[in-house]
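All remarks here apply to the structure that follows.
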There are 2 protein chains.
Amino acid sequence: MKQKIPPACPMDSILRLLMGPWTTYILWVLNDVGPQRFGALKRAVPGISTRVLTERLRMLQAAGVIWRDQTQTIPPAVTYGLTERGDDLRQVLESLGEIAQRWQSEGAFETGNVAAE
Amino acid sequence: MKQKIPPACPMDSILRLLMGPWTTYILWVLNDVGPQRFGALKRAVPGISTRVLTERLRMLQAAGVIWRDQTQTIPPAVTYGLTERGDDLRQVLESLGEIAQRWQSEGAFETGNVAAE
DNA sequence: GGAAGTAGGCACGTAAAGGTAACTACCCTT
DNA sequence: AAGGGTAGTTACCTTTACGTGCCTACTTCC
């Protein structure tokens, strides 16, 4: 998706920032559960690899969507949470969660194309 | 993202359905502008290819998120719009649009990582 | 000692997403 | 004839995302 989209289109920018699934899932968990340590966050996002989690967290931090608090301890303890900016997404994330449950009970995810992926 | 995520997690399912950027962008346009013909939709989503648009529309239709109305004319005229289920996303999409504008004015998309992509 | 915890990093390979080009089949206009 | 429109389709290639395995460095516990 690196093409001729005018950089002036904020919708494109936010979608590129938030997409795909892993990124949004991380944000959803942080919103749902509150600030989390790296390891706890990893366990709360089933299936994500350390590699991807690290990368996404770094990206989100760079965009000011999440904060990162690191203790000067051994072992290290790094906590992540939604910033004020990230809080803008609170309603979106909660709605997505509700919609997800509704659609599941409606069978939207059983068409075969999604489940087969 | 085809791994050990339990299929019972609706949040994962919806994120997989809606992601990535193209899919959400299409939905956002449909929500913003209303039902659109294929060609008009393609022009309203700058940069998208026919190939990707076709694929996404098919997927969204299969999931019951959008409807497809085809005329029996030559040339064909196919219109797409949000279903009732798709309407569930109306608030989410509108919020995303507002947030996108806010974040742009805040400089969230100028960190270099997003713009450099 | 090994195993567990903390938060990662690197390298390699595979899978998925998407760009590009050419095409279909019909109609209308210049 | 060429060029435009309608909504796609196919094939090939490139780019991006991500899984996997191994690793770091420190501490604590069995």
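Below, chains carry the letters A, B, ... as their sequence lines are ordered, and counting in each starts from 1. Note that the coordinates shown come from a computational prediction; the quantities given were computed from them, not determined experimentally.
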Would you check, one step at a time, whether the test salt bridge (charged side-chain N to carboxylate O under 4.0 Å, His left out) holds for R90(A) with D87(A)?
CA-CA 5 Å; R90(A) 196 170 285 278; D87(A) 265 344; 2.6 Å; yes
side-chain contact (heavy atoms from CB on, under 4.5 Å) test vs K42(B) passes for just one of T54(B), V52(B), I48(B), namely I48(B)
Need one value for R37(B): base, sugar-phosphate or nothing, where a base atom within 4.0 Å counts as base even if backbone is also close, heavy atoms only.
sugar-phosphate
d(CD1, I48(B); P, dA7(D)) in whole Å:
14 Å
Contact under 4.0 Å: R58(A) side-chain N or O vs dG9(C) OP1/OP2:
yes
Rounded to whole angstroms, how far apart are CZ on R43(B) and C1' on dT6(D)?
10 Å
Find out whether F38(A) and T50(A) are in side-chain contact, i.e. whether some heavy atom of one side chain is under 4.5 Å from a heavy atom of the other.
yes
With a 4.0 Å limit, can you tell me whether R68(B) has a side-chain N or O closer than that to the phosphate oxygens OP1/OP2 of dA7(D)?
no
Rounded to the Å, how far apart are K42(A) NZ and dG8(C) P?
12 Å
So which nucleotide from dC18(D), dT9(D), dG8(C) ends up closest to the side chain of T54(A)?
dG8(C)
Could you state the atom-to-atom distance from CD of Q72(B) to C1' of dA7(D) in whole Å?
13 Å
Could you check how far CG of D69(B) sits from C1' of dA7(D), rounded to whole Å?
14 Å
Taking CE from M59(B) and P from dA16(C), how many angstroms apart are they, rounded to a whole number?
15 Å
P76(B) side chain, from C-beta outward: closest of dG8(D), dT6(D), dG18(C)
dT6(D)
So what does S49(B) hit on the nucleic acid, given a heavy-atom distance under 4.0 Å: a base, only sugar-phosphate, or nothing?
base
Find which nucleotide of DNA chain D each of R51(B) and G39(B) is nearest to by heavy atoms, and output the residue with the more 5' nucleotide.
G39(B)
note: I66(B), atom CD1; dA7(D), atom P; distance rounded to Å ~ 13 Å
In whole angstrom, give the distance that lies between atom CG of L57(A) and atom P of dG8(C).
8 Å
OP1 or OP2 of dA17(C) versus the side-chain N and O atoms of W22(B): is any pair under 4.0 Å?
no
Measuring only between side-chain heavy atoms, which start at C-beta, is T79(B) closer than 4.5 Å to R68(B)?
no
Option from L89(B), L27(B), D88(B) for which side-chain contact (heavy atoms from CB on, under 4.5 Å) with L82(B) holds
L27(B)
N/O (side chain, Y80(A)) to phosphate O (OP1/OP2, dG8(C)) under 4.0 Å
yes
